[in-house]
2 protein chains.
Amino acid sequence: MNTQPRTMNKSRQRDAIVNYIMTYHNHPTADTIYNAIKKDFPNISLGTVYRNLTLLTELGTIKKLSCGGTSEHFDGDTTPHNHFICNQCGNITDLDMENIDFINELASKHFDGEISGHNIYFYGLCCSCKKETTK
Amino acid sequence: MNTQPRTMNKSRQRDAIVNYIMTYHNHPTADTIYNAIKKDFPNISLGTVYRNLTLLTELGTIKKLSCGGTSEHFDGDTTPHNHFICNQCGNITDLDMENIDFINELASKHFDGEISGHNIYFYGLCCSCKKETTK
DNA sequence: TCAAAAATAATAACTGTTACTAGTTTTACG
DNA sequence: CGTAAAACTAGTAACAGTTATTATTTTTGA
């Protein structure tokens, strides 16, 4: 039995969510999006944000980032790239580095299952926190 | 001001937690550990498990794994190694592959902060789930 | 225009985790 | 030893992020 809707209707709220994520590449949480969108949709419900984020993740329009904080983050950039999380301030940023998808092959070598992708989270001190600590 | 205890007392409960994690390399959640230890400590509190897991993580005795499920997992193996999470059954396993810590250098190349480490989570189908789907 | 399907707002419920408190265990030292 | 201070625990309440429920509204296609 298929529990998915047969067709997807358009929804102004969902459009606003996608628009926010695609405009600000700041890996927002559901709550961040909720508060930002409230300016245009004062009555929007947090549940609506969560429901659409789940839906969009399932559709592959966005990606969910689980990097150990109290809540999940979302990324509008679904192309392969890696993230850095600052141990001090907790900020998440994209990491500009050469593509290393070949590690999937390395991981497959001694593995009987099927590897389809990976997530990499680098940790350390971001530029500004590094400056702070060396003061 | 230092909020840490000045010395660490021994605690049978904490020993049992460490012992469980080091014995079964199954990346357990707090709840898994709690239920396992209850056999020896029928009155142990879930809070005690959480408190000690946090403490042990801070001490570096164990590592916390945040791989996107509903709860956190813990790993008694603190040596560099990578994990695989099955998209179907959710099982977490160690991935036997060559060390690729050199990616920290690659990541540092165009990065102004300081990179101290990384976590890699591979995704896909584990051996048994792969067999299931091809039946 | 109108009915069916999809989506929403509002709210309640749920779940993993943390905080609090009174009582117990461990430890250091006389 | 005995004992007092510090560390730790059980039990429980509180909290935060997320999901489920439901009545209502919006979207869509004929």
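Protein chains get the first letters and strands the later ones, always in sequence-line order, with residue 1 at the start of each.
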### Task
For B:F84 and B:Y123, run ring-ring contact (aromatic ring centres under 6.0 Å, His included): C-alpha distance rounded to whole Å, both residues' side-chain angles, the deciding distance at 0.1 Å, then the answer.
CA-CA 6 Å; B:F84 173 85; B:Y123 290 90; 7.7 Å; no
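- One atom, CG of A:L46, and another, P of C:dA12, lie 15 Å apart when rounded to the nearest Å.
- The separation between A:N9 atom CG and C:dA6 atom C1' is 5 Å, rounded to whole Å.
- Among the heavy atoms of the strands lying under 4.0 Å from A:N52 are primed sugar atoms or P, OP1, OP2 only; no base atom is included.
- Residues B:H110 and A:L95 are not in side-chain contact: their nearest non-hydrogen atoms beyond the backbone lie 4.5 Å or more apart.
- Following rounding to the nearest Å, B:D15 (CG) and D:dT9 (P) show an atom-to-atom distance of 10 Å.
- The side chain of B:I44 lies closest to D:dA10 when the candidates are C:dA10, D:dA10, C:dT8.
- If you measure from atom OH of A:Y34 to atom C1' of D:dT19, you get 16 Å, rounded to the nearest angstrom.
- Atoms CG (B:D40) and C1' (D:dT9) sit 17 Å apart, rounded to a whole Å.
- Residue B:T48 has its side chain nearest to D:dT9 when only D:dT9, C:dT26, D:dT19 are considered.
- Side-chain proximity of B:S71 to the nucleotides C:dG16, C:dA9, D:dG11 is greatest for C:dG16.
- Whole-Å rounding puts the B:E72 CD to D:dT18 C1' distance at 15 Å.
- Judged by distance alone with a 3.5 Å cut-off, a donor-acceptor contact links the side chain of B:S45 to the base of D:dG11.
- Residue A:R51 is classed as a base contact, given a heavy-atom separation below 4.0 Å to a base.
- No side-chain heavy atom of A:T29 sits less than 4.5 Å from a side-chain heavy atom of A:E72.
- Look at B:Q13 and you'll find a side-chain N or O under 4.0 angstrom from OP1 or OP2 of D:dA10.
- In terms of hydrophobic clustering, with Ile, Leu, Val, Met, Phe, Trp and Tyr side chains grouped at heavy-atom distances under 4.5 Å, A:Y24 and A:Y34 are assigned to a common cluster.
- You'll find that the side chain of A:M8 is closest to C:dA7, out of D:dT27, C:dT26, C:dA7.
- For A:F74 and D:dG17, the CZ to C1' distance is 11 Å, given to the nearest whole Å.
- Along DNA chain D, the nucleotide nearest B:P42 and the nucleotide nearest B:K10 are compared for position; the residue whose nucleotide lies closer to the 5' end is B:K10.
- In this structure, the nucleotide among D:dT9, D:dT18, C:dT18 sitting nearest to the side chain of B:T54 is C:dT18.
- Per the geometry, OH belonging to A:Y50 stands 18 Å off P belonging to D:dT21, to the nearest Å.
- Using a distance-only test at 3.5 Å, with no hydrogens or angles considered, a donor-acceptor pair links the side chain of A:H73 to the main chain of A:H27.
- In this structure, B:S11 does not reach the C:dT25 phosphate: none of its side-chain N or O atoms is under 4.0 Å from OP1 or OP2.
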